[in-house]
Amino acid sequence: MELQARIIDVDYVVEDNEVVLRLFAKTEQGENLLVHEKNFLPYFYAVPEEEEDAETLEEKINEKEFHRDDGEPLEIVETDLKEKIDGTEEIEVVKISTKVPPDVPKLKSKIYDMPEVSHCREYDIPFYKRFLIDKQALPTEKIRFEGENFEAEGFDYALELEDLEILENNEEKPDFEKLAFDLEVIDDEIIMCSFYSENFEKVLSTVEIDEDFVETVEDEKRLLERFLEIVEERNVDVLTGYNTDEFDFDVLRDRVQHHGMELSLGRNGERMKFNRRGRFAGARLKGRMHLDLYPFISHVVSPGLESETLDLDSVAEEMLGRNKDDVSFEQMEEWWREKENLEEFARYALKDSELAYELSDELVPQIIELSRITGLTPFDACRLTYGQLTENFLLKEAFRENILAPNRPTRNERRRRGNQGAYEGGFVYTPESGLHEDICVFDFRSLYPTVMVAHNISPETLNLESCDDKFELEEFDFYFCQDEQGFFPELIEGLVESRYRLKDEMYEVEEGSREYERIYSRQQAQKILANSFYGYLGYDGARWYSKESAQATTYMGRKYIEDTIETAEEMGFEITYGDTDSVFLKGDEIKERKDDFLDKVNSELPEFMELEFEGYFTRGFFTSTESGQGAKKKYALIDEDGEMKITGFEQVRRDWSSIAKDTQKQVLRKVLENKVDEAVEIVKYTIERLQSGDLPLDDLKIYTTLTKPPEEYGSTSPHVEAAKKAMDRGDDVSPETTIDYVITRGGGSISSRAEMTKYAGSYDADYYIDNQVLPACIRVLKVFGYTGDQLKGKGKQSGLGRFQ
DNA sequence: CTTGACCGGGG
DNA sequence: GTGTACGGTCAAG
């Protein structure tokens, strides 16, 4: 039988000491296909000692017998000699294939003990990944499968693989059935579960609610049954949500167990399993893609977001332009307790899956593209960090180029790398604090990637012996050989050029069309990867670690930005600010002469590097440090449309009360509108309102999450003290509770006066003035000569008589 | 300045 | 699972 389908998930099972790879795939018609592959074997490489030759080593390995520690034989199925590239050298290695994947690390340590063996390589690459890389059978690409068919429960087709062919026609965007969900939990019980998909919205509720999207179920057990049915009935390929790994699936597992049920969500009815990986556990559903958006956002998306908190509402606000209409958990609890406003409760429940669904519309295609580029399953691609995504891309590309991957550093080696100390980063120009007008911002397009290409910076071109053309860095005693393009520059150039082509194509198709979305996601994934190489080279857990390469990259980056500043000065422009890859130039003229400036800079840059115009801002505000100098990385800009861009101010952090954050934001806006007097008035008014004592406590709440039972904390901090006091009143305060507290009036330390908001009868106006509102606002207004005392009205600042 | 504890998202 | 992987902030030392 022959079928065309796209792989969406892979794993393996061991049956009678034989390994079977299971490829879960979808046909274009939406049918489910299971492919068994029994001919692909796990393997690793042994590198002979220098004086040994690989052929003799192979013979010696074949003569020997190996055993596990428990005495069981470790069978070698076959050995092969392979020519591989190690750095820039060609070496001959022995490829050793085993019966089952877990034998690889065991056999590797036995082989490593042989005196003829220098070391082993590629012994820790997960088996499914090895298969995808070696066959270049990347997830979600269209593949023709050929084999003998067999019956398998839960699948439309199942076949034992004989042959596969990667099909050229991969341009269509695959169509997957997607479903977002979200649980509402009160007192450790699931009371509602919402679902959202195209033309589908539903809330399962354990109480009667009169809304047409609500399906009332008799109890939690029935809710869980319906959950399983809905995933099954809708033939879900992509199950998504927000923080579903750490919360929803954790709850689901407990509650399903409580009711003596099974969380059989796999395509074949297999149970959900947590895949532990370091700090995180991913909830894995065999044959479906469970893509939790939170890890992807926190690892990959957040560097490009302005929002400092990554809660669903903030992220949706920034990415989707949705209004933030958060209801507090306490509010929801109260509605539930009092059984009031349940219609609204249900709408909120639904809103969370809807937001997750809409985010997934943009993010799932990106995750899928990253999975294709890196050869990881979408499940992994959405949970790995930048460094790990990069490394998997490198592993896949290394295989294509017959390059032997370096080993991962040992714990000791990591520590050694970590202790080497930091190297210098980007150049930051010290701004003059205060208000600046008419600012043009320029930045380098992908500065670090293009620097690496321009100077052939790569781990294996570093200090290459027998080199004709050396790029030497004055500051350091190392060089990069320019004779042949290195591994990293080659990959970067490939990604960047492919991205340009895609962007050209993107402008030719209709915005918002499926084709547009596909191209957009692909170029976005390429951008993510291209920008990750520099950080990867300096990441102490990297296989291709090269501190020198990272150092040289930032060094050259500094040089280019400094040269740019010099050019600007020569052309008579005033520099306002600059950070790593950007320069801010001031003055009327620059707006008209910006193209001359760009032309001059770009004509002096190496090919591939480019300075671009980023935007024009009517005003910019720069704050100052303690010593009165202009502060770096803390500024706010406003454009002609009144849009603010705030960098570095901590006004969105949740451990600040909203009164402090809101006031700071208003002050920044007034300052940017050149209305400092009004800014001062806002602060004074806020202080007055605080002093009057009748501000709602909601404006004064500070949030912090408890991570363990309050009694286990060694140190005292306000949120812990507040939690302890709530417990004394009989509250059940468990770990993972977000404590919202208010500092109340009275004597003693700040911590001793912290009370959870619901128990706080008063607030300490002085605390909020001195520790919250003033520090946030003084950060801005000190630049204009204001002190805390003046803002409090104690000073002689005039013109605002009624506040004195 | 360095070191160690804490925290994130979710309800 | 061919396992055991974060990164930033802040108070204390």
Side-chain angles (χ1 to χ4, degrees), chain A residues 11-14 19 41-45 96-98 100-109 120-131 182-192 241-251 273-282 284 292-299 302-303 308-315 326-333 336 345 348-349 352 356 380 383-388 391 408-409 411 414 535 539-542 650 653-655 703-708 712-717 719-720 734-738:
Chain A
D11 74 348
Y12 76 89
V13 287
V14 174
V19 62
L41 290 176
Y43 68 86
F44 67 102
Y45 299 109
I96 301 162
S97 302
T98 66
V100 293
D103 282 352
V104 167
K106 294 181 188 124
L107 189 61
K108 165 243 159 188
S109 43
C120 298
R121 293 282 189 94
E122 304 198 9
Y123 47 77
D124 57 359
I125 296 169
F127 185 54
Y128 91 81
K129 239 183 244 181
R130 182 85 272 174
F131 172 81
D182 179 50
L183 298 183
E184 306 302 324
V185 178
I186 285 183
D187 296 335
D188 299 326
E189 270 200 47
I190 305 172
I191 55 160
M192 280 185 207
Y242 205 77
N243 204 22
T244 43
D245 276 346
E246 298 273 291
F247 182 73
D248 303 67
F249 269 107
D250 202 44
V251 172
K273 260 199 196 143
F274 278 115
N275 266 23
R276 289 240 153 253
R277 50 179 75 232
R279 324 187 2 75
F280 290 106
R284 179 119 195 245
D292 181 353
L293 301 177
Y294 171 66
F296 186 68
I297 286 176
S298 85
H299 294 145
S302 70
E308 290 190 48
T309 56
L310 298 179
D311 54 285
L312 179 57
D313 270 298
S314 310
V315 172
D326 220 357
V327 174
S328 74
F329 179 57
E330 287 72 24
Q331 182 62 261
M332 303 266 273
E333 254 185 331
W336 181 255
F345 194 121
Y348 273 103
D352 279 358
D380 280 345
R383 289 170 175 81
L384 294 189
T385 58
Y386 247 91
Q388 290 158 331
E391 187 147 285
R408 291 169 57 178
R411 201 174 297 204
R414 277 190 78 153
Y539 160 54
D540 55 27
E650 294 118 316
R653 300 172 53 108
R654 63 180 200 164
D655 46 359
Y703 294 90
T704 318
T705 305
L706 281 178
T707 50
K708 51 187 179 185
E712 282 177 27
Y713 280 84
S715 55
T716 55
S717 57
H719 74 292
V720 175
S734 51
E736 266 88 75
T737 318
T738 299

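Because only heavy atoms are used, hydrogens play no part in the values below, and waters and symmetry mates are left out as well, while side chains stay in. Note that this is a predicted model, so its numbers are computed, not measured. Chain letters run A, B, ... following the sequence lines, proteins first and then strands; every chain starts at 1.
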S.K.: Can you tell me how far apart CZ (Phe247(A)) and CG (Asp182(A)) are? Round to the nearest 0.5 Å.
M.R.: 8.5 Å
S.K.: Which nucleotide in the list dG10(B), dA5(C), dT2(C) gets nearest to the side chain of Arg411(A)?
M.R.: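 For Arg411(A), the side-chain atoms sit closest to dA5(C).
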S.K.: Tell me the interatomic distance from Leu384(A), atom CG, to dG7(C), atom P, rounded to whole angstroms.
M.R.: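 After rounding, the reported distance stands at 12 Å.
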S.K.: Is there a stack between Phe329(A) and dG11(B), judged by ring centres under 5.5 Å and planes under 30°?
M.R.: yes
S.K.: Counting side-chain heavy atoms from C-beta on, which of dG11(B), dG10(B), dT4(C) comes nearest to Arg408(A)?
M.R.: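 The answer is dT4(C).
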S.K.: Counting side-chain heavy atoms from C-beta on, which of dG11(B), dG9(B), dG3(C) comes nearest to Asp352(A)?
M.R.: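 Looking only at side-chain atoms, Asp352(A) lies closest to dG11(B).
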S.K.: Can you list the residues that meet the salt bridge (Lys or Arg N to Asp or Glu O under 4.0 Å) rule with Arg130(A), with sequence neighbours excluded?
M.R.: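 Residues passing salt bridge (Lys or Arg N to Asp or Glu O under 4.0 Å) with Arg130(A): Glu122(A), Asp134(A).
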S.K.: Excluding sequence neighbours, so at least two apart, what forms salt bridge (Lys or Arg N to Asp or Glu O under 4.0 Å) with Glu391(A)?
M.R.: Arg543(A)
S.K.: Counting only side-chain heavy atoms from C-beta out, which of dG1(C), dG8(B), dT2(C) sits nearest to Tyr294(A)?
M.R.: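 Nucleotide nearest to Tyr294(A)'s side chain: dG8(B).
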S.K.: Of all the choices, dG10(B), dC6(C), dG9(B), which nucleotide is nearest to the side chain of Phe247(A) once you look at every atom?
M.R.: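 The listed nucleotide nearest to Phe247(A)'s side chain is dG10(B).
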S.K.: Among the candidates dA5(C), dT2(C), dG9(B), find the nucleotide nearest to the side-chain atoms of Tyr242(A).
M.R.: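 The nucleotide sitting nearest to the side chain is dG9(B).
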S.K.: Where the side chain of Thr309(A) is concerned, which of dG9(B), dT2(C), dG3(C) is the nearest nucleotide?
M.R.: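 The answer is dG9(B).
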S.K.: Would you say a side-chain N or O of Asn275(A) is under 4.0 Å from OP1 or OP2 of dG3(C)?
M.R.: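 Result: no.
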S.K.: Compute both the distance and the angle, then confirm whether Lys108(A) meets the cation-pi test with Tyr123(A): under 6.0 Å from the six-membered ring centre, within 45 degrees of the axis.
M.R.: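 That pair qualifies as a cation-pi contact.
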S.K.: Strictly below 4.0 Å: does Tyr12(A) bring a side-chain N or O up to OP1 or OP2 of dT2(C)?
M.R.: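 True: Tyr12(A) side-chain N/O within range (under 4.0 Å) of dT2(C) OP1/OP2.
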S.K.: Distance criterion of 3.5 Å, no angle test: do you see the side chain of Arg279(A) paired donor-to-acceptor with the base of dG8(B)?
M.R.: yes
S.K.: Can you figure out which of dG11(B), dG10(B), dG1(C) approaches the side chain of Arg277(A) most closely?
M.R.: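 Closest of the options to the side chain of Arg277(A): dG1(C).
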